[in-house]
Amino acid sequence: MSNSIVAGNWKMNGTITESLRLVSDMKDELHRIQGVTKILFPPAVALGSLANLVYASSIELGAQNMHYQPSGAFTGEISASMVKENCSWVLLGHSERRLFFHETDDDISQKLLAAVANNIKPILCIGENLGDRESGKTQQVIQEQVSKATSALQTISNLTIAYEPVWAIGTGKAATIDIIEETLGTLRSFLTSEWGDAGAKAPLMYGGSVNESNATIFGESEYIAGLLVGGASLDATAFVSLTRQFAAAKSS
Ligand code: 13P
């Protein structure tokens, strides 16, 4: 795995047929971009078909969510072993899951534990909403999210964290580089003091209105190890282009 990551979170977009088409449209070019780990998070129903399509390519797959119980009466949910059949990553704690599905920090903590126990690489999503930011609570909110989510872990050596300010998601208004660097810098100090070496090394990503026009700027920042892309990951040309830009900025 490279230290840099570009991930596409498709959210609830695309049938299996559409997913296959989208990946076919980006696969070869994405595969050729080196120096960056490329992960797609399609809807769970498409994972099996896509696993065949990206087999033997450098494109990795992940699930957008999973339940922490190994099996049982949890209608509509998927477990770690189901995720593992087709992919090696999972997104946990996305703000849309927290908001629309009332996921709590405790749920997320148990999911993280289940992911790690099953050797699935988790990307923990955190971020403040506009009210938190305007009242100066950003750092407090995200440190609380991280502390609670990781409370059951022995180490965070396999954890990647994606900072996604809620006000920047789907709005076309990405956070400025100053805001991101200030937030990630303070988060890094916090992680290091809590977790030592593992905290100093945990990859930190940024997400929220990432596109072809800002990927280079983000790639030039030493604070940002990766990008978590929503809308722009649904456009093959845009996603390949921003991935290429990010990889180029990281390698220069
Ligand atoms: P957008 O890139 O559409 O703002 O979405 C970001 C996101 O939520 C990725 O998880």
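For ligands, and for the atoms within them, numbers begin at 1 and follow the listed sequence. When reading the values below, keep in mind they use all heavy atoms of this one structure, side chains included, and skip hydrogens, waters and symmetry mates.
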Engineer: With no hydrogens and no angle check, is any side-chain donor or acceptor of Lys38 less than 3.5 Å from a backbone partner on Ile33?
Structural biologist: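 Between the backbone of Ile33 and the side chain of Lys38 there is a qualifying donor-acceptor contact (under 3.5 Å).
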
Engineer: I need the minimum non-hydrogen distance between Ser109 and Ala152, along with the two atoms involved.
Structural biologist: OG-CB, 3.9 Å

Engineer: Given side chains that start at C-beta, do those of Glu29 and Thr237 come closer than 4.5 Å, heavy atoms only?
Structural biologist: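 No, side chains not in contact.
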
Engineer: Among all protein heavy atoms, pick out the one at the shortest distance from atom 2 (O) of ligand 1; state its residue, atom name and that distance to 0.1 Å.
Structural biologist: Gly230 N, 2.9 Å

Engineer: Side chains of Ser221 and Glu181: donor-acceptor distance under 3.5 Å anywhere?
Structural biologist: yes

Engineer: Regarding ligand 1, does Asn9 bring an N or O atom to under 3.5 Å of one of the ligand's N or O atoms?
Structural biologist: yes

Engineer: So, for Met205 and Leu227, which heavy atoms are closest and what is the spacing to 0.1 Å?
Structural biologist: CE-O, 3.2 Å

Engineer: Which atoms from ligand 1 have a heavy atom of Gly231 less than 4.0 Å away?
Structural biologist: 1 (P), 2 (O), 3 (O)

Engineer: Which one of Lys11, Glu164, Gln64 has a non-hydrogen atom at the shortest distance from atom 5 (O) of ligand 1?
Structural biologist: Lys11

Engineer: Taking ring-ring contact (aromatic ring centres under 6.0 Å, His included) as the test, write out the residues that go with Phe74, two or more places apart.
Structural biologist: His67

Engineer: Numbering the atoms of ligand 1 from 1, which are under 4.0 Å from a heavy atom of Leu228?
Structural biologist: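 Numbered from 1, ligand 1 contributes 9 (C), 10 (O).
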
Engineer: Is Ala232 in polar range of ligand 1, meaning some N or O pair under 3.5 Å apart?
Structural biologist: no

Engineer: Do ligand 1 and His94 have nitrogen or oxygen atoms that lie under 3.5 Å from each other?
Structural biologist: yes

Engineer: We want to know whether Glu182 and Tyr223 form a side-chain donor-acceptor pair, criterion being a heavy-atom distance below 3.5 angstrom.
Structural biologist: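 No, because no side-chain N or O of Glu182 sits under 3.5 Å from a partner of the opposite role on Tyr223.
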
Engineer: Near Ile169, which atoms of ligand 1 are under 4.0 Å from a heavy atom of that residue?
Structural biologist: 4 (O), 5 (O), 6 (C), 8 (O)

Engineer: Can you tell me if Gly207 has a non-hydrogen atom under 4.0 Å from ligand 1?
Structural biologist: no

